[in-house]
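Treat the numbers as computed from the prediction; the structure is a model and nothing was measured. All residue numbers refer to positions in the sequence shown, counting from 1.
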Amino acid sequence: MEIRIVLVEPSHPGNIGAAARAMKTMDLASLHLVNPLRFPDPQADWRAAGALDVVASAQVHASLNDAIGDCAFVAGTSVRDRHIPWTVKDVADFAQDVASMPEAAKPLAILFGRENNGLANDELAQCNVHVRIPSSSIYGSLNLAMAVQLVAYELFKARGQVQVRSAWDRAHATNAEVVAMYDHLDRMLHKIGFFDPGAPRTAFTRLQRMFSRIELDETEVQILRGVFTHVEQRLKS
């Protein structure tokens with residue numbers, strides 16, 4: 001299974017190189033960058049040291065959706081609490097979950113946010129789980145490359161320590177398929193007047209959170225969209 005490290009809008013090319021080095025030491029090679037401020041850049045090459053191949057093969061995307069659209073599972077690293085609580089995993093527990101996933105699964109993406117303010121709420125809403133690295137309550141801010149190193153280390157340590165679970169009967173839905181389902185659900189709920197005008201997005205965010213815990217497969221997404229379509233047809237009759 002491809003484990004994809006996704007850096008969202010990194011501002012310093014040195015952090016890109018250092019993240020690549022952290023990845024290679026833990027046997028990870030799939031680096032994706034969303035709107036990096038400076039890349040390619042000599043500082044990225046210099047900080048990468050022996051991981052120039054990881055930097056050279058890094059894929060650059062114009063949007064987060066482009067970077068994770070084909071992924072079946074997305075995790076976001078975050079130290080912030082959200083107004084609506086999300087599924088949160090300690091990094092070691094998350095690594096054990098990843099180690100138990102079937103090798104033939106579609107790509108898994110782990111998102112790391114901007115150096116100054118991390119991931120935005122709408123980016124975190126696309127994640128199945130939020131990953132926390134335990135740190136001091138007095139000062140818990142980690143350098144971007146250090147965060148990548150710690151997550152990569154826990155993933156490396158967890159490999160081979162748990163038995164791979166039996167394969168699911170259907171492939172997991174990709175992020176793009178789930179996002180399209182959310183768009184369909186949103187349209188259908190607007191048509192039936194479901195939303196509270198005073199807090200129109202709160203209920204929808206909770207629905208996203210619920211579906212993110214389920215890890216939908218392709219067939220389940222198709223079934224749900226079939227239900228939405230039937231509701232829309234009934235509204236027209």
Does [Y] offer a backbone N or O that forms a donor-acceptor pair with the side chain of [X] under 3.5 Å?
| X | Y | result |
| --- | --- | --- |
| Asn175 | Cys71 | no |
| Glu220 | Asp217 | yes |
| Gln126 | Glu123 | no |
| His190 | Asp186 | yes |

Does a side chain donor of either [X] or [Y] reach within less than 3.5 Å of an acceptor in the other side chain?
| X | Y | result |
| --- | --- | --- |
| His61 | Ser63 | no |
| Thr87 | Arg213 | no |
| Glu115 | Asn143 | no |

Hydrophobic cluster identity match, [X] and [Y], side-chain contacts under 4.5 Å:
| X | Y | result |
| --- | --- | --- |
| Ile192 | Leu207 | yes |
| Val60 | Ile16 | yes |
| Met210 | Val88 | no |
| Leu142 | Tyr139 | no |
| Val74 | Leu64 | yes |

[Y] side chain reached by [X] side chain, heavy atoms, under 4.5 Å:
| X | Y | result |
| --- | --- | --- |
| Thr174 | Val179 | no |
| Gln233 | Thr229 | yes |
| Thr25 | Phe156 | no |
| Val8 | Leu119 | yes |
| Leu111 | Ser78 | no |
| Phe204 | Tyr182 | yes |
| Val148 | Leu28 | no |
| Leu7 | Pro36 | no |

Closest approach of [X] to [Y] (non-hydrogen atoms, all atoms of both residues):
| X | Y | answer |
| --- | --- | --- |
| Ala58 | Phe39 | CB-CZ, 4.2 Å |
| Val55 | Gly17 | CG2-CA, 4.3 Å |
| Ala20 | Val54 | CB-CG1, 3.7 Å |
| Ala72 | Lys106 | CB-CB, 3.8 Å |
| Ala67 | Val34 | CB-CG2, 3.8 Å |
| Ala145 | Ala22 | O-CB, 4.2 Å |

**Request:** Mark yes when over 12 heavy atoms from residues, nucleotides or ligands other than Met146 sit less than 6.0 Å from its CE; otherwise mark no.
**Result:**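 Not more than 12 within 6.0 Å, no.
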
**Request:** Take Phe211 and Met181, measure what side chain to side chain contact (heavy atoms under 4.5 Å, CB included) needs, and give me the verdict at the end.
**Result:** CA-CA 10 Å; Phe211 284 124; Met181 184 204 72; 3.9 Å; yes

**Message:** For Phe73 and Phe94, take the angle between the two ring planes, folded into 0 to 90°, and tell me which bin it lands in: parallel under 30, tilted 30 to 60, perpendicular over 60.
**Reply:**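 Parallel.
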
**Message:** One thing to verify: whether Lys89 and Asp97 come together as a salt bridge, which I'm taking to mean a side-chain N less than 4.0 angstrom from a carboxylate O.
**Reply:**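 Salt bridge flag = yes for Lys89 with Asp97.
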
**Message:** If the threshold is 4.0 Å, N to carboxylate O, is there a salt bridge linking Glu218 and Arg170?
**Reply:**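 A salt bridge is absent here (no side-chain N lies under 4.0 Å from a carboxylate O).
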
Spacing of [atom1] belonging to [X] relative to [atom2] belonging to [Y], to within rounding of 0.5 Å:
| X | Y | atom1 | atom2 | answer |
| --- | --- | --- | --- | --- |
| Asn116 | Leu144 | CG | CG | 11.0 Å |
| Ile3 | Ile5 | CD1 | CD1 | 7.5 Å |
| Arg201 | Asp122 | CZ | CG | 11.5 Å |
| His172 | Thr219 | NE2 | OG1 | 12.0 Å |
| His32 | Ile68 | NE2 | CD1 | 11.5 Å |
| Arg21 | Lys24 | CZ | NZ | 11.0 Å |

**Request:** Take Ser135 and Ile133 through the test side chain to side chain contact (heavy atoms under 4.5 Å, CB included) and record every step on the way to the result.
**Result:** CA-CA 6 Å; Ser135 57; Ile133 300 171; 5.5 Å; no

**Asked** Does NZ or CZ of Arg225 fall inside the cone over Phe228's six-membered ring, less than 6.0 Å from its centre and within 45° of the axis?
**Response**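 No; the conditions do not both hold, so Arg225 does not lie above the ring face of Phe228.
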
**Request:** Could you please spell out the steps behind the side chain to side chain contact (heavy atoms under 4.5 Å, CB included) verdict for Met1 and Val98?
**Result:** CA-CA 10 Å; Met1 176 182 63; Val98 173; 3.9 Å; yes

**Request:** Applying side chain to side chain contact (heavy atoms under 4.5 Å, CB included), run through Met101 and Leu108 and close with a yes or a no.
**Result:** CA-CA 10 Å; Met101 294 178 180; Leu108 175 149; 3.5 Å; yes

**Item:** Residue from Leu124, Val129, Thr205 passing side-chain contact (heavy atoms from CB on, under 4.5 Å) with Trp86
**Value:**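 The option that passes is Thr205.
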
